[in-house]
Amino acid sequence: QVQLVESGGGLVQAGDSLRLSCAASARTFSGNAMGWFRQAPGKEREFVAAIRGSDSSTYYTDSVKGRFTISRDNAKNTVDLQMNSLNPEDTAVYYCAARAAGSWAISIRGDAYAYWGQGTQVTVSS
């Protein structure tokens with residue numbers, strides 16, 4: 001069982017930056033692909049970014065490319081999401097997710113991820 005705990009959310013102004021962090025409990029974390037998703041009020045959950053388990057290759061949804069950066073530290077069992085140039089459309093609850101052990105490939109589908117954190121709120125004011 002993998003437990004994920006997000007931190008780093010908050011209230012910021014448009015143009016500001018935030019860094020989200022996700023701490024994973026499992027020792028086998030380094031082999032799992034990890035992702036960040038978000039859900040805005042009244043909207044469905046959407047894919048934001050993911051990082052591969054094998055070589056830390058990354059993939060982003062178009063709306064955050066060039067502004068967000070996902071990274072991982074396998075020694076610390078953490079995955080971070082650096083968010084720059086935030087705008088009100090980025091307001092959402094952000095969730096960290098992990099694929100099952102041995103699943104190192106990136107997926108943009110939420111149902112490909114076996115473990116989820118509790119979420120952290122990011123609010124961007126205009």
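Note that this is a predicted model, so its numbers are computed, not measured.
Across every non-hydrogen atom of Ile51 and Ile106, the tightest pair is C-CG1, 4.0 Å. Here the closest heavy-atom approach between residue Gln121 and residue Val93 is recorded as OE1-CG2, 3.2 Å. Looking at every heavy atom in both residues, Ser125 comes nearest to Pro88 through C-CG, 4.4 Å. Nearest heavy-atom pair across Phe68 and Val48 is CD2-CG1, 3.8 Å. The two residues Ala105 and Ala33 have their closest heavy-atom pair at O-CB, 3.2 Å.
Side-chain atoms of Met83 and Val64, non-hydrogen and from C-beta on, never get closer than 4.5 Å to each other. Side-chain contact between Tyr115 and Cys96 is absent, with no heavy-atom pair separated by less than 4.5 Å. Two residues are said to be in side-chain contact when any heavy atoms from C-beta on lie closer than 4.5 Å; Asn77 and Arg72 fail this criterion. Side-chain contact between Leu20 and Val122 is present, with at least one heavy-atom pair separated by less than 4.5 Å. Counting only heavy atoms from C-beta outward, the side chains of Tyr94 and Leu81 approach each other to under 4.5 Å.
Remark: Glu46 pairs with Arg38 by the side chain to side chain donor-acceptor pair (under 3.5 Å) rule, at least two apart or across chains. Legend: residues meeting side chain to side chain donor-acceptor pair (under 3.5 Å) with Asp55, ordered by chain and number and at least two apart, are Arg52, Ser57. For Lys43, the salt bridge (charged side-chain N to carboxylate O under 4.0 Å, His left out) test picks out no residue, with sequence neighbours left out.
Under the 3.5 Å distance criterion, the side-chain polar atoms of Glu6 are left unmatched by any main-chain donor or acceptor of Thr120.
Grouping Ile, Leu, Val, Met, Phe, Trp and Tyr residues whose side-chain heavy atoms lie under 4.5 Å apart, directly or via other members, leaves Leu11 alone, with no other cluster members.
Distance check, rounded to the nearest 0.5 Å: CG of Asn74 to OG of Ser56 gives 6.0 Å. Rounding to the nearest 0.5 Å gives a distance of 15.0 Å between CD1 of Ile108 and OH of Tyr60.
Ring centroids of Tyr95 and Phe37 are separated by 6.0 Å or more, keeping the two rings apart.
Each side-chain hydrogen bond (donor to acceptor under 3.5 Å, both in side chains) pair with one or both residues in residues 9-24, not counting sequence neighbours, appears once here: Ser17-Asn84, Arg19-Asp80, Arg19-Gln82, Ser21-Asp80. Residue pairs satisfying the side-chain hydrogen bond (donor to acceptor under 3.5 Å, both in side chains) criterion with at least one member in residues 102-114, sequence neighbours excluded, are listed as follows: Arg109-Asp111.
In this structure, Gln118 places its CD atom where more than 12 heavy-atom neighbours from other residues, nucleotides or ligands lie under 6.0 Å away. The number of heavy atoms from other shown groups lying within 6.0 Å of OH (Tyr59) does not exceed 12.
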Evaluate Glu89 against Thr91 for side-chain hydrogen bond (donor to acceptor under 3.5 Å, both in side chains), listing each step before the verdict. CA-CA 5 Å; Glu89 289 71 38; Thr91 294; over 6 Å; no
